[in-house]
Amino acid sequence: MTDKSNAVTHADVESAYARWAPVYDLVFNACMKPGRIAGAAAINALAQDREIALLDVGVGTGLELPMFARHARITGIDLSEPMLAMARKRVAEQNLTHVEALTAMDAMELTFADESFDAVIAPYVLTVVPDAHRTLDEMARVVKKGGEIVLVNHIGAEKGLMAILENWLGRRAAALGWRPEFPWSIVGDWLATRPDLALLERRQLPPLNLFTLIRLKRL
Ligand SMILES: C[S@@+](CC[C@H](N)C(=O)[O-])C[C@H]1O[C@@H](n2cnc3c(N)ncnc32)[C@H](O)[C@@H]1O
């Protein structure tokens with residue numbers, strides 16, 4: 001199953017995030033922090049009494065990295081080298097020794113073997129990748145049976161003023177580097193094709209219920 005509804009390409013992502021990298025934390029730290037905290041809490045609940053191997057897909061500047069339990073062994077990947085450079089700086093400055101690797105990689109073509117990780121997290125990434133279904137397939141491939149995929153994402157409004165605004169903004173998706181409109185059906189339709197995955201949680205998050213925490217379990 002592929003999701004061809006996105007106007008954002010790899011080239012758009014690379015040029016948009018090269019521009020965003022120096023100011024990303026200033027603009028996106030506070031407003032998206034509740035989602036990172038909720039995502040990290042879901043991961044830390046899994047890591048409560050054991051060491052886990054965690055993959056952070058689209059790690060960006062690494063704002064969520066300090067939020068994970070110190071005994072989670074973290075691998076972060078991202079398409080954008082300028083974003084990864086900021087994440088590496090954070091790891092060094094904050095001595096985040098639980099981060100084992102930060103690597104340039106395409107979320108739609110992960111180079112890890114099947115079932116490499118106990119958990120996979122992707123905060124604010126599905127609206128950015130060119131093909132959300134391929135990305136979800138890859139996350140499901142590399143997570144172990146019994147493991148979790150934790151997503152934090154803006155799910156677009158289906159009707160009303162917000163839907164009109166998001167559709168209008170959607171025409172600027174390539175320049176923004178993400179798609180403001182992102183219906184639940186993109187995740188829901190994909191999930192319907194995956195009997196090996198169960199939806200554990202779908203919960204709206206502040207600010208203003210703009211974002212949604214989604215937890216999936218690989219059966
Ligand atoms: C909105 S940022 C989120 C960063 C971080 N997770 C956070 O919470 O701040 C989205 C990130 O996804 C990355 N990205 C976009 N497409 C990607 C792809 N195909 N493979 C890997 N990373 C990608 C971008 O470079 C960017 O760093």
Side-chain angles (χ1 to χ4, degrees), residues 2-10 12-13 16-17 19-21 23-43 56-64 67 76-80 83 107-108 120-140 148-192 197 199-216:
T2 54
D3 159 39
K4 294 288 174 212
S5 57
N6 197 356
V8 180
T9 64
H10 276 163
D12 295 330
V13 169
Y17 283 93
R19 274 182 278 115
W20 279 122
V23 292
Y24 184 88
D25 290 3
L26 203 65
V27 180
F28 297 110
N29 183 8
C31 62
M32 302 193 321
K33 196 169 189 172
R36 292 188 194 98
I37 291 174
I43 294 297
D56 187 333
V57 173
V59 63
T61 63
L63 282 168
E64 60 266 29
M67 298 175 181
I77 67 111
D78 202 287
L79 199 63
S80 166
M83 294 290 274
M108 302 188 319
V120 178
I121 187 165
Y124 307 109
V125 173
L126 277 191
T127 41
V128 175
V129 290
D131 187 330
H133 289 157
R134 269 182 66 186
T135 305
L136 286 163
D137 276 333
E138 279 295 85
M139 292 195 267
E148 276 193 31
I149 300 172
V150 176
L151 308 167
V152 180
N153 221 73
H154 173 65
I155 300 293
E158 274 162 35
K159 50 184 192 277
L161 256 184
M162 199 62 176
I164 294 169
L165 177 68
E166 285 171 356
N167 275 327
W168 178 79
L169 272 173
R171 286 180 232 144
R172 306 275 305 144
L176 283 170
W178 73 85
R179 54 196 298 189
E181 93 303 350
F182 189 88
W184 166 256
S185 59
I186 293 179
V187 178
D189 291 352
W190 172 81
L191 206 47
L197 294 167
L199 178 63
L200 295 181
E201 189 176 1
R202 175 185 170 188
R203 173 164 48 100
Q204 287 186 309
L205 299 169
L208 304 170
N209 290 339
L210 267 179
F211 301 108
T212 299
L213 175 81
I214 301 161
R215 284 173 52 226
L216 308 174

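What you see is a predicted model, and the numbers here were worked out from it, not measured in a lab.
Using a 4.5 Å heavy-atom cutoff, the side chains of L199 and I214 are in contact.
Residues that satisfy the side chain to side chain donor-acceptor pair (under 3.5 Å) test with N29, not counting sequence neighbours, are absent from this structure. L79 is linked by a side-chain contact (heavy atoms from CB on, under 4.5 Å) to H10, V13, E14, D106, counting only residues two or more places apart in sequence or in another chain. With sequence neighbours left out, the side-chain contact (heavy atoms from CB on, under 4.5 Å) criterion links A42 to V150, R215. Scanning for side chain to side chain donor-acceptor pair (under 3.5 Å) contacts around E64 gives an empty result, with sequence neighbours left out. In this structure, R202 has no side chain to side chain donor-acceptor pair (under 3.5 Å) partners at least two apart in sequence or on a different chain. For the side chain to side chain donor-acceptor pair (under 3.5 Å) test, residues two or more places apart in sequence or in another chain that qualify with T61 are D25, R90. P183 is linked by a side-chain contact (heavy atoms from CB on, under 4.5 Å) to S185, I186, counting only residues two or more places apart in sequence or in another chain. With sequence neighbours excluded, the residues that form a side-chain contact (heavy atoms from CB on, under 4.5 Å) with A122 are V57, V125, M139, L151.
In this structure, D137 contributes its side chain and R134 its backbone to no donor-acceptor pair below 3.5 Å.
Among all heavy-atom pairs drawn from M83 and A21, the shortest one is SD-CA, 3.6 Å. Of all heavy-atom pairs spanning Q204 and T212, the tightest one is CG-OG1, 4.1 Å. Summarising the geometry of P206 relative to P34, their closest heavy-atom pair is O-CB, 3.5 Å, with the distance given to 0.1 Å. M32 and F211 make their closest contact through CG-CZ, 4.0 Å (heavy atoms, listed as atom of the first residue, atom of the second, distance). Contact between G39 and V152 at its shortest, heavy atoms only, is CA-CG2, 4.3 Å. When all heavy atoms of D78 and G60 are compared, the pair lying nearest together is OD2-N, 2.8 Å.
Rounded to the nearest 0.5 angstrom, L191 CG and H133 NE2 are separated by 10.0 Å. Here the CG-CG distance, from L136 to D131, works out to 9.0 Å after rounding to the nearest 0.5 Å. Separation of atoms CG (L200) and CG (L213) is listed at 10.0 Å; rounding is to 0.5 Å.
Between Y124 and F28, the ring centre distance reaches or exceeds 6.0 Å.
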- side-chain contact (heavy atoms from CB on, under 4.5 Å) between F182 and L126, worked out: CA-CA 9 Å; F182 189 88; L126 277 191; 3.9 Å; yes

- Message: W184 vs N153, test: side-chain contact (heavy atoms from CB on, under 4.5 Å). Steps then yes/no.
- Response: CA-CA 10 Å; W184 166 256; N153 221 73; over 6 Å; no

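Ring planes of Y24 and Y17: tilted class, angle from 30 to 60°.
Screening L205, I121, L63 for a side-chain contact (heavy atoms from CB on, under 4.5 Å) with R36, the sole residue that qualifies is L63.
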